[in-house]
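Before any comments, here is the structure.
Note: hydrogens, waters and symmetry copies are ignored here, and every other heavy atom, side chains too, is used.
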Amino acid sequence: MPITPATATQSTSEGTADAIFLELVDEEGVTIGTAEKLAAHQPPGKLHRAFSVFLFDEHGRLLLQQRALGKYHSPGVWSNTCCGHPYPGEAPFAAAARRTFEELRVSPSLLAEAGTVRYNHPDPASGLVEQEYNHLFVGMVQAPLAPDPEEVEATVFVTAAELAERHAQDPFSAWFMTVLDAARPAIRELTGPSAGW
């Protein structure tokens with residue numbers, strides 16, 4: 001039976017914060033088990049399923065988010081529109097749509113699969129490791145944003161040229177360029193050649 005958000009957590013032995021479980025996968029993306037979220041990110045990291053979402057406005061500008069300063073992993077850095085982990089048994093597409101709404105209070109339009117990418121990115125600031133088999137999605141955002149301040153510090157829409165300038169100046173997530181480059185063919189198909197992606 002798939003694990004839903006309501007059943008995806010378990011009480012710890014102390015009865016305090018609930019644990020979140022991720023889906024462990026092999027190099028082909030086949031599920032091989034589960035692990036607690038923080039444990040999966042401890043060095044050297046356990047390969048697990050993840051997703052990354054890239055949403056664009058009608059002008060072909062990419063929506064970036066700055067991760068909330070209170071997050072334990074990569075706080076305050078800029079990254080793609082939304083990223084996260086499906087619950088065990090949850091389809092990556094469903095998880096991407098769910099998490100985008102939870103973080104930004106918008107439902108993506110024309111959300112489409114854009115392939116997968118596997119990477120291993122240590123985060124120097126936290127000491128955690130992103131060892132992920134990442135499902136990529138691209139789509140449009142056509143409604144006003146209402147970001148959850150617990151998740152998102154700030155948002156901005158950028159052109160390809162503006163992103164290059166910002167990326168040279170501001171801190172970005174360790175995985176950002178890897179997932180962006182892997183998603184570029186689908187991004188170009190969505191935004192058209194004039195957008196410059």
Side-chain contact, heavy-atom cut-off 4.5 Å: [X] with [Y]?
X	Y	answer
R99	F51	yes
N120	L47	no
R49	E90	no
V77	F176	no
R61	V158	no

### Task
Write out all pairs satisfying ring-ring contact (aromatic ring centres under 6.0 Å, His included) with one or both partners inside residues 110-132, taking only residues at least two apart or from two chains.
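Every ring-ring contact (aromatic ring centres under 6.0 Å, His included) pair that includes a residue of residues 110-132, provided the two are not neighbours, is Y119-H121.
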#### Entry: Pairs where residues 23-42 contributes a residue and the test ring-ring contact (aromatic ring centres under 6.0 Å, His included) is met, not counting sequence neighbours
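Residue pairs with at least one partner in residues 23-42: H41-H48, H41-H73, H41-H85.
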Can you sort out the partners of [X] under salt bridge (charged side-chain N to carboxylate O under 4.0 Å, His left out), two or more places apart, ordered by chain and number?
X	result
R118	E27
D181	R184
K37	none
E130	none

Check: residues 189-197 side-chain donor-acceptor pairs under 3.5 Å, at least two apart:
{"residue": "T191", "atom": "OG1", "partner": "I187", "partner atom": "O", "Å": "2.9"}
{"residue": "W197", "atom": "NE1", "partner": "G60", "partner atom": "O", "Å": "2.8"}

Provide the closest heavy-atom pair for [X] versus [Y] in the form atom of the first, atom of the second, distance.
X	Y	result
P144	V106	O-CG1, 3.1 Å
A114	V138	CB-CG1, 4.0 Å
G89	E23	N-OE2, 2.8 Å
Q66	G76	NE2-O, 3.0 Å
W175	S79	NE1-OG, 3.3 Å
F21	P88	O-CD, 3.1 Å

### Message
Applying ring-ring contact (aromatic ring centres under 6.0 Å, His included), can you list everything that pairs with F137, at least two apart in sequence or on another chain?
### Response
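By the ring-ring contact (aromatic ring centres under 6.0 Å, His included) rule, F137 matches F93.
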Return the [atom1] to [atom2] distance between [X] and [Y], rounded to the nearest 0.5 Å.
X	Y	atom1	atom2	value
Y87	T34	OH	OG1	14.0 Å
Q65	S173	CD	OG	9.0 Å
I20	L22	CD1	CG	8.0 Å
L69	E153	CG	CD	3.5 Å
D57	M140	CG	CE	7.0 Å

### Query
With S52, which of T81, T116, N134 fulfils side-chain hydrogen bond (donor to acceptor under 3.5 Å, both in side chains)?
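Among T81, T116, N134, the one meeting side-chain hydrogen bond (donor to acceptor under 3.5 Å, both in side chains) with S52 is N134.
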Given 3.5 Å as the limit, does a donor-acceptor pair link the side chain of [X] with the main chain of [Y], or not?
X	Y	value
R67	S74	yes
Q131	K46	no
E103	V152	no

Partners passing side-chain contact (heavy atoms from CB on, under 4.5 Å) against [X] (at least two apart in sequence or in another chain):
X	value
A97	L111
E150	D148
A112	none

Please determine whether residues [X] and [Y] belong to a single hydrophobic cluster, defined as Ile, Leu, Val, Met, Phe, Trp and Tyr linked transitively by side-chain heavy-atom distances below 4.5 Å.
X	Y	answer
M177	V53	no
V141	L104	yes
V129	L38	no

Report all side-chain donor-acceptor pairs from residues 163-172 shorter than 3.5 Å, counting only partners two or more places apart or in another chain.
{"residue": "R166", "atom": "NH1", "partner": "D170", "partner atom": "OD2", "Å": "3.4"}

### Query
Does atom CD of Q42 have more than 12 heavy-atom neighbours from other groups under 6.0 Å away?
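Enclosed.
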### Task
For L145 and L63, run side chain to side chain contact (heavy atoms under 4.5 Å, CB included): C-alpha distance rounded to whole Å, both residues' side-chain angles, the deciding distance at 0.1 Å, then the answer.
CA-CA 10 Å; L145 306 174; L63 173 59; 3.7 Å; yes
### Task
Would you sort out whether E58 and F56 count as a side chain to side chain contact (heavy atoms under 4.5 Å, CB included), showing the intermediate values?
CA-CA 7 Å; E58 66 275 14; F56 296 81; over 6 Å; no
### Query
Where do R105 and E151 land on the salt bridge (charged side-chain N to carboxylate O under 4.0 Å, His left out) test, with the steps shown first?
CA-CA 11 Å; R105 293 293 184 259; E151 299 288 342; over 6 Å; no
